[in-house]
Every structure is written in C-alpha cells, then in structure tokens.
> 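Let me begin by handing over the structure; questions about it come next.
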Amino acid sequence: MKSSEIRQAFLDFFASKGHEIVASSPLVPGNDPTLLFTNAGMVQFKDCFLGNDVRSYTRAASSQRCVRAGGKHNDLENVGYTARHHTFFEMLGNFSFGDYFKEDAISYAWEFLTSKDWLNLPVEKLMVTVYAEDDEAFDIWNKKMGIPEDKIVRIGDNKGARYASDNFWQMGDTGPCGPCTEIFYDHGEHIWGGPPGTPEEDGDRFIEIWNNVFMQFERKADGEMLPLPKPSVDTGMGLERISAIMQGVHSNYEIDIFQALLKAAGELTGCKDTENKSLRVIADHIRSTSFLIVDGVLPSNEGRGYVLRRIIRRAVRHGHMLGASAGFFNKLVPALCEQMGEAYPELVNLSEHVQKVLRIEEEQFAKTLDKGMAILNDAIADMSGDTIPGETAFKLYDTYGFPLDLTADVARERDLKVDEDGFNTAMEKQRETARAAGNFSADYGKGLELDGETGFLGYESLENTGTVK
Ligand code: ATP
Ligand code: MG
Ligand code: MG
Ligand code: MG
C-alpha cells in the first residue's frame, strides 16, 4: 500500500465508525500561544476535550501535519539517528469528545490494524503497553481482545531511558491528561532493540506505532487534577511508521515518500547512498521547513522563525558536507510537491513562495558557512579534550550564523561535545557589553529580507513567527 492509500484507509475506516473527517490544521496552532508548533492531532481539538468548544460531532478523525522540533516534544536531534523520528510527520488520529472510551478505542485500533478488510497485520508481531495502574485497559486487551499477558507491558514512571514514555500523557504542564496504551510492532530479531519496558527499548526493533490516550483529567496550574466533564479519547499513529510496516521495510526512510525525496536529494547533492545520514536529514528537513513556510513561518532570530532557520541551516550544512553546491536545498520543493501536493494543495499553491524563502535563507547562510566550518575544524584540531569551547561556539553563532545545535550536530558526528555553559556565558557577556554601549542590535543576521515583496503573511492567528521587513 502506498502511504496515500494508508492515509485514506485510516480515514475511511473511522468514517465507517461514525467519525467526522476533519482537515489538518496549520502547524502554527491558532488556539494555543503557549505551544510552539502543532505536535499532535489533538491540538486543534483541545477545547473540545476541555468542554469549551461544542461541535456538531462527538467523534472525529484526521491526518494532521505535525512538527516536533523545539518545544516540549523535540525530535530534531533524533533525525538521522533513529529509523522512526522526523521533524515533520503526519499523525493519523481518531478522537472521542465525551463519546466512546477505552473499550471502543482499543477495539477500533485493533480492528483497523489486524482485520483482513483493513491492514491485516499479523497479530504475533504486535505488542502493547498500558499505564501501570490502568487495570481496565489491561483487562480489555487481555480478556476482550485476547492478547496474552506476556504481550501486555505495564509501564509506570519514566525509567530514564532516552525515549521512554511513562504512559501517562499530558499536553503540557497544565491541560488535559490521562493514561495511555501504546501499540508496538516487532521488526524482527535482526534489528537491535528490546520490547518496551526493557533497557533496550530505545533500539529500533520494537517500534511504537499507535498511542491511545484516555483523557480523564485536566491538570490545573497548582497541580490539582480535576476529572474532565466527560472522559475522552485522543489517539495518534505516525503515517510514516505504519507505512514502513505495510511496505515491508524497517526504516521510515525506506517508504515511498522518502525514497522519492532521497532520490531527488541524491541528484542534487551527488550522494547516491539512500542510507546516508546527511541525505536522510536533508529529506526530513525539506518537509518540515517547507510546511512551516506554507503555514506562515519565516526564518528569523527568535521564536518559531528561529526554529525554522535552525532546521534550514542544518540541512544546508549537511548538503555542504556531501559536496552539494550552494542553493541545492530549495530545489527539492518540486519533488516534495509531487509526493505531498495531492494531500496538501496549499503546498502546491505556495510552492514558489516556499522555494524563494528557502533560497534566500540558503544564500545568506552560504556566505558564512565555509568560513565558519574552517574555523570550527581548526578549533577542533587544536583541542586537547573532547569539548568544543563555548567561546568558539559563540563566535560561530555570532559571526557566522551557526545556531548552537548546528555546532553540536557537527560535534556529535565526531564524538565531541560543546561547552554549552561557556556558550551561554559568552552570549551573556556580549549582551552586557551591548547594553552598556546602548547598542541593542548586536545580533548576527536579520529577519529575512524578501526584496521588498510583501510575501505571504500566513494565517491571521500568526504571532511571533518571524519578521518580514
Ligand atoms: P517515540 O516514543 O517513538 O518517540 P512518542 O511516544 O513520542 O514516540 P507520541 O507522542 O505517542 O509519540 O505520538 C503518537 C504517534 O506519532 C507515535 O506512536 C508515532 O507513531 C508517531 N510519532 C511520534 N513522534 C514522531 C516523530 N518524531 N516522527 C514520526 N512519527 C512520530
Ligand atoms: Mg517521542
Ligand atoms: Mg513513546
Ligand atoms: Mg507515544
């Protein structure tokens, strides 16, 4: 099955169960200024869960574009290092607003995944987790769905593993929350990793595909947990992860959409190895950056715009490492439109704008990238320990436009660290000097100049997302 067919099958399945099909909302959340980007399907429904927004339907399903870079859920550092994390991905979700609860949610998920009429996945490859104290969910899986006890893992508080979840979901420090049950797929013994709840769970053998959250509470600022007026369900399944399974491959980067992007990136950079980490980073980053621009974000030095800038510069640096000529990155936009334009017509409508914004940012960074890399390489050659000095990282940031995470990305490739405290001290020192001199603009780079063009200003709810000068 193609990714687009899986997306459609999911929506068709839930439509057949009485769900309203709701379009993806933009990546810049219109209803929550505290959230950097839409990072889950439930974001546009937050007020429905809280009982503050009553709609004509009580069950909904969507395929939501999500970005997890910066903010609470940040997967930027995982891209290229795991088989399953992207900065941009699509989350398939079904939602109940005070309608059905645990039993129906679990049986819908199981039917969609395992029934012959839908995805028909082999039951023996699947396993599930429940929240340690959620006997109700455990019993539904065990007694009603017939999952043997040894395939149901109770997960309690976070055990400190890098990606471990504690199976108690919350949107932020406040807001709706409750226990989760997650479904995992075993990609086979040949891949390193252990089942959830073991020390090896960070590996990519058992991959989480679907999370079902049972929203029972609202957490208040003082920590108090109030029961929600009616319990609700929020679920999310990564389209790329389920596509990998359906297409018989292990890594998300081997699915149809990514193969096409990797091929295009390979032509532009001269790297033909689709397993190359830098190529994968580039294929990932063209999706997040393009869709952020579609949704009204522009590169800038703060907030959402700075996250966008960081992602673009990372991609450009990886291209540079592969020997690509300057300006390669924006040329991936047509390939992206080909893969995703049908599902997201707004991408096609704005493709020229997207390409232009990327090109200008790329050109600006290309002016300092070579020089900055030379300085970084010299600094690394001169180092005695394994930590790049904060002063160097700051100089690269301040003079050459290297975001700190970009320097850290280079460091990680060479098994080195960056002295972040030293970086922050250098930054603070410079701010004080600037303050003393009455100069507040001692910052590298400005908001993006669009040659006097007004440009696309995005959605009306757009706030703090960059500057067009
Ligand atoms: P993981 O533990 O693998 O990081 P998660 O528990 O953080 O995933 P959830 O917040 O539960 O993920 O999101 C619901 C689903 O969305 C996941 O089960 C997964 O299929 C998908 N998903 C989450 N993060 C990503 C990502 N960065 N890239 C691709 N898919 C993702
Ligand atoms: Mg995660
Ligand atoms: Mg998880
Ligand atoms: Mg999860």
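Positions are given from 1 along the sequence. Computed from a predicted model, the values in this text were never measured in an experiment. Start at 1 and go down the list; that is how both ligands and their atoms are numbered.
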> Give the atom numbers and elements of ligand 1 that come within less than 4.0 Å of a heavy atom of Glu182.
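In order of number, 6 (O), 11 (O).
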> Does His86 approach ligand 1 within less than 4.0 angstrom via side chain, backbone, both or neither, non-hydrogen atoms only?
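For His86, backbone and side-chain atoms both sit under 4.0 Å from ligand 1.
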> So if I count the atoms of ligand 1 from 1 in the order they appear, which ones are less than 4.0 Å from some heavy atom of Asp75?
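Those qualifying, in numeric order: 24 (N), 26 (C), 27 (N).
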> If you measure every N/O of Gly238 against every N/O of ligand 1, is any gap under 3.5 Å?
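By distance alone, the answer is yes.
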> Can you tell me which portion of Ile209 lies within the under-4.0 Å heavy-atom range of ligand 1? Options are side chain, backbone, both, or neither.
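Answer for Ile209: backbone.
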> Can you classify the ring geometry of Phe88 versus Phe291 as parallel (below 30°), tilted (30 to 60°) or perpendicular (above 60°)?
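The arrangement is parallel - the two ring planes meet at less than 30°.
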> Between Met237, His85, Glu208, Met42, which one has a non-hydrogen atom sitting closest to atom 6 (O) of ligand 1?
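Comparing heavy atoms across Met237, His85, Glu208, Met42, the nearest one to atom 6 (O) of ligand 1 lies in Glu208.
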> Partners of Pro227 by side chain to side chain contact (heavy atoms under 4.5 Å, CB included), sequence neighbours excluded?
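Result, side chain to side chain contact (heavy atoms under 4.5 Å, CB included) vs Pro227: none returned.
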> Verify whether one side chain among Asn301 and Arg309 offers a donor that lies under 3.5 Å from an acceptor in the other.
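Present: a donor and an acceptor within the cut-off.
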> Is the shortest heavy-atom distance from the side chain of His86 to the side chain of Asp75 under 4.5 Å?
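Answer no - side chains too far apart.
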> Measuring from atom 9 (P) of ligand 1, which candidate in Gln64, Met91, Arg68, His73 has the nearest non-hydrogen atom?
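Going through Gln64, Met91, Arg68, His73 one by one, Arg68 has the nearest heavy atom to atom 9 (P) of ligand 1.
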> May I ask you to check if any N/O/S atom from Glu208 comes under 2.8 Å of the Mg ion (ligand 3)?
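True for Glu208.
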> Checking side chain to side chain contact (heavy atoms under 4.5 Å, CB included) against His285, which of Val79, Ile312, Leu332 comes through?
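Only match with His285 under side chain to side chain contact (heavy atoms under 4.5 Å, CB included): Val79.
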> Are a donor atom and an acceptor atom from the side chains of Asp284 and Thr87 found within less than 3.5 Å of each other?
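Indeed, the side chains of Asp284 and Thr87 share at least one donor-acceptor pair under 3.5 Å.
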> Using a 4.0 Å heavy-atom cut-off, say whether Arg241 meets ligand 1 through its side chain, its backbone, both or neither.
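Looking at Arg241 and ligand 1, just side chain atoms fall under 4.0 Å.
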> With backbone taken as N, CA, C and O and side chain as the heavy atoms from C-beta onward, which portion of Trp169 lies under 4.0 Å from ligand 1: side chain, backbone, both, or neither?
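Trp169 to ligand 1: no contact under 4.0 Å from either part.
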> side-chain hydrogen bond (donor to acceptor under 3.5 Å, both in side chains) with Asp134: which residues, sequence neighbours excluded?
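Once residues adjacent in sequence are excluded, the partners of Asp134 under the side-chain hydrogen bond (donor to acceptor under 3.5 Å, both in side chains) criterion are Lys102.
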